[in-house]
Amino acid sequence: MTLYPKLILDALATVRYPGNGKNIVEAEMVADNMRIDGMKVSFSLVFEKPTDPFMKSVVKSAETAIHTYVSKDVEVTITTESRQAARPEPGKMLPQVKNVIAVSSGKGGVGKSTIAANLAVALSKLGYKVGLLDADIFGPSVPKMFQVEDARPYAETIGGRDLIVPIEKYGIKLLSIGFFVDPDQPTLWRGGMASNALKQLVGDADWGDLDYFVLDTPPGTSDIHLTLLQTLAITGAVIVSTPQEVALADARKGINMYMNNKVNVPILGLVENMSWFTPAELPENKYYLFGKEGTRRLAEELHVSLLGQIPIVQSICEHGDEGTPVALDDDSVTGQAFLELARNVVAQTEKRNAELAPTEIVKTYK
């Protein structure tokens, strides 16, 4: 039996691509690189994206079609190509981002998202290029805190890839799963779906040049944290707690997760939220509703920095609900507290990078 291109193409024309219902020849998915050598045939199938969900099934169907309509004795070799460039490998994502800061807490209800949002704003006010990723897949709050609930990010073709363009507000690039789901409905996803969505928000978005990429992580320790650790080279973690003993106990769990030998992410320091309450009519008074200096004692015990103490002030809640983070107001007590927090995060980040630099030089020369 003699093989020739039309015989192979006629067989391939019986295979339909599920995405559009067209046969793969009509859809121009058969590359112009067919090689025939006796009873051997090789060619490539071209898909739009390297992550095409139908890739394996279409390749298998193409092979079966040749064996069915040409001959079962044909030795078929099919390779795949994609019109779009592949997502960078984990560890190589976001090469234009200088520092990735994970804001975490051992438990919910300690104001982690408030700290992350205002830290991002304060870093921007200090002159840095900042991105904020709402990685709390199951309880996204960044759209509300920045008053962009109605925003709908779009995709642009950049460098041969379709990339999500982050929303910009107050000079900060923002992305959240909250932009893509119904805010009135719970996000009922299994762990794998949530992790894949998070990878898209990280690796399939046009974050561009950033000095600081702030991650608002989910509370506790979960597979979402593992996804972030496996996907990004995290510069350091900022742990949020209240002075209350029950919160500090959970904060230890978050700290231990990052300090685990297999994870080994530096702890830049702790932030104590809700440190004290000061009523507007008595600005000199401090009422310690959840205990006093608990986070400071934990920081000293673990030999890490206390990056800041944020008081309970009604305006923090009000500004968060209004979508105007309190850190925007330089003249307020809380605005100053968040600026001080941002300065301390920068100092600890630069210290960590300086300590790491000699190691990297040694590795380079090896």
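Nothing fancy with the numbering, it's 1 onward along the sequence. What you are looking at is a predicted structure, and each value in this text was computed from that prediction instead of being measured.
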TODO: Would you list the pairs meeting salt bridge (Lys or Arg N to Asp or Glu O under 4.0 Å) in which at least one residue belongs to residues 302-314, sequence neighbours left out?
DONE: none

TODO: Quick one: which residue pairs count as a salt bridge (Lys or Arg N to Asp or Glu O under 4.0 Å) with a foot in residues 36-50, not counting sequence neighbours?
DONE: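 As it turns out, the salt bridge (Lys or Arg N to Asp or Glu O under 4.0 Å) pairs with a partner in residues 36-50, which skip direct neighbours, are Glu48-Arg83.
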
TODO: Cation-pi check, Lys292 to Tyr288: give yes when NZ or CZ is under 6.0 Å from the six-membered ring centre and within 45° of the ring axis, no otherwise.
DONE: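 Relative to the ring axis of Tyr288, which defines the angle, Lys292 lies inside both limits.
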
TODO: Show your reasoning for whether ring-ring contact (aromatic ring centres under 6.0 Å, His included) applies to Trp207 and Phe213.
DONE: CA-CA 9 Å; Trp207 290 104; Phe213 187 43; 4.6 Å; yes

Partners of [X] by side-chain hydrogen bond (donor to acceptor under 3.5 Å, both in side chains), sequence neighbours excluded?
X: Arg252; result: Glu301
X: Asn256; result: none
X: Asn344; result: none
X: Asp150; result: none

Task: Same apolar cluster (I L V M F W Y, side chains within < 4.5 Å links), Leu94/Leu174 - done: yes

Open item on the list: In this structure, would Leu210 and Leu198 fall into the same cluster of hydrophobic residues linked by side-chain contacts under 4.5 Å?
Closed with: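 Yes, Leu210 connects to Leu198 through the hydrophobic network.
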
Task: Ser44-Asn33 side chain donor-acceptor pair, cut-off 3.5 Å - done: yes

How long is the span from the [atom1] atom in [X] to the [atom2] atom in [Y], to the nearest 0.5 Å?
X: Lys286; Y: Ile312; atom1: NZ; atom2: CD1; value: 13.0 Å
X: Asn273; Y: Ser241; atom1: CG; atom2: OG; value: 9.0 Å
X: Arg343; Y: Leu307; atom1: CZ; atom2: CG; value: 14.0 Å
X: Thr235; Y: Glu350; atom1: OG1; atom2: CD; value: 12.0 Å
X: Glu272; Y: Leu298; atom1: CD; atom2: CG; value: 10.0 Å

Open item on the list: Does anything in residues 323-352 form a ring-ring contact (aromatic ring centres under 6.0 Å, His included)? List the pairs, not counting sequence neighbours.
Closed with: none

Determine whether a donor-acceptor pair (N or O, by modelled atom type, separation under 3.5 Å) exists between the side chain of [X] and the backbone of [Y].
X: Asp216; Y: Val142; result: no
X: His67; Y: Val74; result: yes
X: Thr334; Y: Val326; result: no
X: Ser124; Y: Ala120; result: no

Task: Residues which pass side chain to side chain contact (heavy atoms under 4.5 Å, CB included) with Pro53, listed by chain and number, not counting sequence neighbours - done: none

- [ ] Could you work out the complete set of other residues in the hydrophobic cluster of Val333, with links drawn between I, L, V, M, F, W and Y side chains under 4.5 Å apart?
- [x] none

Task: Nonpolar side-chain network containing Tyr69, other nodes, edges under 4.5 Å - done: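 For Tyr69, no cluster forms, as it stays isolated from other hydrophobic side chains.
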
Task: Contact list for residues 13-29, test side chain to side chain donor-acceptor pair (under 3.5 Å), sequence neighbours left out - done: Tyr17-Asp52

TODO: Test salt bridge (charged side-chain N to carboxylate O under 4.0 Å, His left out) on Lys98 and Asp211 and set out the steps.
DONE: CA-CA 5 Å; Lys98 295 178 182 177; Asp211 297 307; 3.3 Å; yes

Task: Listed partners of Tyr128 passing ring pair (Phe, Tyr, Trp, His ring centres under 6.0 Å), at least two apart - done: Tyr212

Open item on the list: How about NZ on Lys129, more than 12 heavy atoms from neighbouring residues, nucleotides or ligands closer than 6.0 Å, or not?
Closed with: no

